[in-house]
Amino acid sequence: MSMTDYRKDFPALHQEIQGHPLVYLDSAASAQAPSVVIDAVAEYQRCDHANVHRGVHTLSHRATEAFEGAREKVRSFINAAKSSEIIFTRGTTEAINLVAQSYLRPILKSGDQILITHLEHHSNIVPWQLVCELTGAELVVAPINDQGELKLDALYELMNDKVRLLAIGHVSNALGSINPIQDIIAEARKFNMAILVDGAQAVPHMSVDVQALDCDFYAFSGHKMFGPTGTGVLYGKHARLEAMPPWQGGGDMILEVSFTRTVYNDLPYKFEAGTPNISGAVGLGAAVDYITAIGAENIARYENQLLSYLSEQLATIDGLQLIGTAANKASVQSFVIDGIHPHDLGTILDHQGVAIRTGHHCAMPVMDFFAVPGTARASLALYNNRDDVDKLIAAIRIATELFAE
Amino acid sequence: MSMTDYRKDFPALHQEIQGHPLVYLDSAASAQAPSVVIDAVAEYQRCDHANVHRGVHTLSHRATEAFEGAREKVRSFINAAKSSEIIFTRGTTEAINLVAQSYLRPILKSGDQILITHLEHHSNIVPWQLVCELTGAELVVAPINDQGELKLDALYELMNDKVRLLAIGHVSNALGSINPIQDIIAEARKFNMAILVDGAQAVPHMSVDVQALDCDFYAFSGHKMFGPTGTGVLYGKHARLEAMPPWQGGGDMILEVSFTRTVYNDLPYKFEAGTPNISGAVGLGAAVDYITAIGAENIARYENQLLSYLSEQLATIDGLQLIGTAANKASVQSFVIDGIHPHDLGTILDHQGVAIRTGHHCAMPVMDFFAVPGTARASLALYNNRDDVDKLIAAIRIATELFAE
Amino acid sequence: MSDANLDIENLRELYRELILDHARNPRNFERMADATHSAEGINPLCGDKLKLYFRINAANIIDDAKFEGSGCAISTASASMLTEFVHGMDMNTALQYFELLQQRLTAPDSPVEHAPLDLGKLRAFEGVREYPSRIKCATLAWHALRSAVQCDDHPASTE
Amino acid sequence: MSDANLDIENLRELYRELILDHARNPRNFERMADATHSAEGINPLCGDKLKLYFRINAANIIDDAKFEGSGCAISTASASMLTEFVHGMDMNTALQYFELLQQRLTAPDSPVEHAPLDLGKLRAFEGVREYPSRIKCATLAWHALRSAVQCDDHPASTE
Ligand SMILES: Cc1ncc(COP(=O)(O)O)c(C=O)c1O
Ligand SMILES: Cc1ncc(COP(=O)(O)O)c(C=O)c1O
């Protein structure tokens, strides 16, 4: 089966927008879901729903099995050692905030540092700014070069024993740059810092093995990997999670409550206060199955070829400048065009059925670095093909024509 | 149309469990969803999905309209003044934790008090314990009587200027007691405390008007009102929310990010960091429509009659003791039976297709008060009927027979 | 007409010549040192960021208006045209024009509130109606005007 | 047989006479003042809460076992039978019985690991297999035994 046959699995792709067949090139913002995911969620709600963990009746048992089954699928997907290391969150953002508030805030002191990079998504910047403000710690930012690659030497120079945490994206959402995360972690391990990897843009495009990476935390979102919105994962090493105080209080995260003494539940429940997004987790489990069946390596190989074609074709357009030309990239190509603001370009493309994202991509520091107010960004998933790229290019030519006069 | 005709709208109710037609009496833990909710979620995913708030293309616009449309439905459902007062959360638990961490934690000092009641769900206890631990404030608990009603005089006596927040359930999930919340708030307004109402068990069963109540915060969950899991709402008065620092940092909750200065977004986005549960919100909006079409008053009237029938029938069983006999109740009847542990009862009933909840119902202090390890709890929703009650009673008689020998 | 030409025709309804002209050559595009009122407008959707400056005299007349910043063609043109449009205008009248503009873009069929007012050149933005996600661009500068005269120092956002 | 009678017959497979007997009249149901090892077992699912006490001698033999607390019929009977069962037993053997019990309840068809061991009276719990949510009840006391001998002071939970 050729990769592009998978396109038919995604109902949202088969519609007309403004009288044109939809060309969806915004998967880095949120991917479409295949029918198997949509149906798994609906089927769960139609047949198996009840609250989890607390009931002896059949539906509650089925719901719990479905929910914990999804956790086990996620564990295997990123090769975590134990399923108790998989904490369900609303998304990457909540996962990172959990680490900021529950792991870092209690131990952070004035004089401590948090090391991030200039490539990060706001969700991997603002949570650290918030804890820095509360504790007097300092946020240190590793620089990038003109290709949008991390300057590794500079990053390594910023590593020292004052750094309590390195928080780093696996793949940049604005530029697509893939960081050599394995090497970086090895280097960081020479010091006593914890390591969080923001994998939101990695898991849909490549295989991830958290044990091989040896990171302390790995965060990602369901909706970027063909799962439902409202789902996400924080992987944490058991010992780290075990040592952390709970973040939110409520049902399910306790073994025993009285007004004088409260005993917290075991992992992962300690960090899952309240009724979780059960149907969402079921959908995420289905998304994991979907990706696994195709094979992360196959997806990566196919997308890499398509990304090269995309970047090449874009480069043929007069006045178009590629933003983000790292040697090692995934899924994403940002660009700007002389005299056409990205936002206008977005509208003109949408008018022709082509959906791209325009703006700062929640990575304003990257925009500042390239001294642009924003970029246009085309991002790919396994369901895209050369025809999508060709339609994008044709639509851009119309925009340049319109603005040229 | 008679109320019980609505039963057909709920696909999960039409199945066999252990060879018996399902009798679902566990809606207080989580309600089943009607087809319109399940379909709205699937339809959104099939046709309209994209990330919200950040895209100029058609799908992003549609997704944003659907998401913000759901917010407006929720606003109208609880009669909030502005839709910016509606913050989407994962559920009641997250809503309460948000208030604990973002409203209370920054202002709480040693010597301050948080006033709750003995009826509260763990989700309205543990978040306050966590902030008390961090700040040295004191958790004060208003007592209840043997019927499971709040002792109002005692509650009023505990009100004073040291109380920074009154956090009180609208309806008890373990006992069904309805607190006279309007009177209590009027009394609390004589002091300078903020007021949070945990409405998780109220919104599915009665009409709620947050402006008439005049509470500062009102929290509830989607999955208890026929919506999807992973959805919930924090209502907060605009001025309160405006004055609070953000809780989580990330995408969407900022207007501008740089490494030196970050400007937070307006309400409600300041409190909605990261990609929200968009499909869930769409489902919640459909659930609001569903309830509104039937009419909260009609639901309350019907359920009250059914609850009386349930309690009467249970009282006919030898050795059965009703737990929670407040004059004013909704939806729930807890009970224990001599010589049969609730957990065993739950299994025996499940074997006959009857789903009830057994245990502490995340309200261990209530169990301690009644000196029981747990109770059996049958809870009603608009889709239950007298036949469900009769089957429950017959199934309980089998349990007493089995354990009598 | 080919599909592509049809697309271009439709798009010209949005990107009218007047708008493209103001976007390419924004008027009054500079800092104002002696502004009595100023405000920032940010559209988080796309990162548009404008700063509007006004000199308003004792009689509430807008003596001068300038802007700087960066934005799309629609928001730049809108700011540029605003600075010309409100020049010499009573502040309250300017705010009424904002209301009128917003109404014409979002609910063109509703009864007109400020009947005697005439949008004049601002009619150029009527093409935005068909592009709901762009209405924010067309009104961002006006939001900032309102913030400025209300002395609100939080950046105006169109959300 | 009527439906109701059939239900009762099936349920008797779970609630066997031996279990009901131990549940109604738990053996060794008391605090132990001179315990060398003890642990709490909590099943958050249903609020079962047991405390197990053991006196283990220098040769690792369990000289005495007692329990207190409250639980359902299954977990109470399981604790009661455990205290009789492990009396005089080598601690490691007791842990092997735990493994065997768990295996018999969750994967009865898998090859038996501790072949020479015989569950004996503990077979009464085999009816639990059909009630997966109750397996935790049947093993809670055994989880607590393991915590106790491993000197883990966090309450054992079956999650
Ligand atoms: C009264 C009450 N408060 C809070 C909660 C917690 O709601 P959730 O688990 O949806 O966060 C519940 C439900 O379990 C409840 O019944
Ligand atoms: C690299 C990166 N990190 C974090 C996030 C935040 O993910 P979410 O919005 O799902 O919480 C995103 C997506 O927007 C991202 O691309």
Side-chain angles (χ1 to χ4, degrees), chain A residues 11-12 15 17 26 29-30 32-33 38 42 45-47 49-51 54-59 90-91 93-94 97 122-123 125-127 129-130 139 141 221 223 228-230 248-251 254 257-259 262 273-275 277-280 343 346-347 350 355 357-359 362 364-365 368, chain B residues 11-12 15 17 26 29-30 32-33 38 42 45-47 49-51 54-59 90-91 93-94 97 122-123 125-127 129-130 139 141 221 223 228-230 248-251 254 257-259 262 273-275 277-280 343 346-347 350 355 357-359 362 364-365 368:
Chain A
Q15 61 176 305
I17 298 287
D26 193 22
S30 200
Q32 298 299 339
I38 300 169
Q45 292 190 289
R46 263 191 216 105
C47 303
H49 173 61
N51 215 325
R54 298 183 220 156
V56 290
H57 61 76
T58 301
L59 288 184
R90 176 171 38 245
T93 303
E94 192 188 26
N97 278 276
H122 293 165
S123 291
I125 300 174
V126 185
Q129 289 181 325
L130 292 174
L139 191 64
V141 185
S221 301
H223 70 99
T229 53
Q248 300 190 24
I254 50 86
V257 171
S258 74
F259 296 122
T262 288
T275 304
N277 185 352
I278 311 168
S279 63
H343 204 178
T347 294
D350 181 55
R357 181 112 329 197
T358 62
C362 292
M364 286 191 192
D368 291 345
Chain B
Q15 62 177 307
I17 299 288
D26 193 22
S30 200
Q32 298 299 340
I38 300 170
Q45 292 189 289
R46 261 192 218 105
C47 304
H49 174 61
N51 214 325
R54 297 184 222 156
V56 290
H57 61 75
T58 302
L59 288 184
R90 176 171 37 248
T93 303
E94 193 188 27
N97 278 277
H122 293 165
S123 290
I125 301 174
V126 185
Q129 289 181 325
L130 291 174
L139 191 63
V141 185
S221 299
H223 69 100
T229 53
Q248 299 189 25
I254 49 86
V257 171
S258 75
F259 296 122
T262 288
T275 303
N277 185 352
I278 311 168
S279 63
H343 204 178
T347 294
D350 181 54
R357 181 111 329 196
T358 62
C362 292
M364 287 192 191
D368 291 345

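Residue numbers start from 1 in every chain, and the chains themselves are labelled A, B, ... in the order their sequence lines are given, proteins ahead of strands.
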Against chain B, work out which of A/Val141, A/Thr262, A/Thr347 has the most heavy-atom pairs shorter than 4.5 Å and name it. A/Val141

Search all heavy atoms of A/Pro127 against all heavy atoms of B/Gly250 and return the closest pair with its distance. CD-N, 4.4 Å

Ranked by heavy-atom pairs below 4.5 Å to chain B, first place among A/Ala33, A/Gly91, A/Cys47 goes to A/Cys47

Least distance between heavy atoms, B/His49 atom then A/Gln32 atom: O-NE2, 2.8 Å

Can you say whether B/Ile278 sits under 4.5 Å from chain A via the side chain, the backbone, both, or neither, judging by heavy atoms? both

For chain B, which candidate among A/Gly359, A/Gly346, A/Gly55 shows the most heavy-atom pairs at distances under 4.5 Å? A/Gly55

Please walk me through it: do B/Val56 and A/Asp350 pass side-chain contact (heavy atoms from CB on, under 4.5 Å)? CA-CA 8 Å; B/Val56 290; A/Asp350 181 55; 5.6 Å; no

If I compare all heavy atoms of B/Ala12 with all of A/Gln45, which pair ends up nearest, and what's the gap? CB-O, 4.0 Å

Find the one option among B/Gln129, B/His223, B/Arg46 whose heavy-atom pairs under 4.5 Å with chain A are most numerous. B/Arg46

Is the shortest heavy-atom distance from the side chain of B/Asp26 to the side chain of A/Asn51 under 4.5 Å? no

With only heavy atoms counted, which part of A/Ile17 is less than 4.5 Å from chain B, the side chain, the backbone, both or neither? side chain

Under 4.5 Å between any side-chain heavy atoms of A/Gln15 and B/Leu59, yes or no? yes

Of A/Gly249, A/Cys362, A/Gly230, A/Ser279, the largest count of non-hydrogen pairs under 4.5 angstrom with chain B goes to A/Gly249

Minimum heavy-atom distance between B/Met364 and A/Ile254, given as atom pair plus value: CE-CD1, 4.4 Å

Which heavy atom in A/Gly251 sits nearest to a heavy atom in B/His122, and how many Å separate them? N-CB, 4.2 Å

Could you tell me which of A/Thr93, A/Val126, A/Thr229 has the largest number of non-hydrogen atom pairs under 4.5 Å with chain B? A/Thr229

B/Asn97 versus chain A, the contacting section by heavy-atom distance below 4.5 Å: side chain

Quick check on the interface: out of B/Pro228, B/Ser30, B/Ser221, who has the most heavy-atom pairs with chain A under 4.5 Å? B/Ser30

Heaviest contributor of heavy-atom pairs below 4.5 Å to chain B, chosen from A/Asp368, A/Thr358, A/Leu139, A/Ile38, is A/Ile38

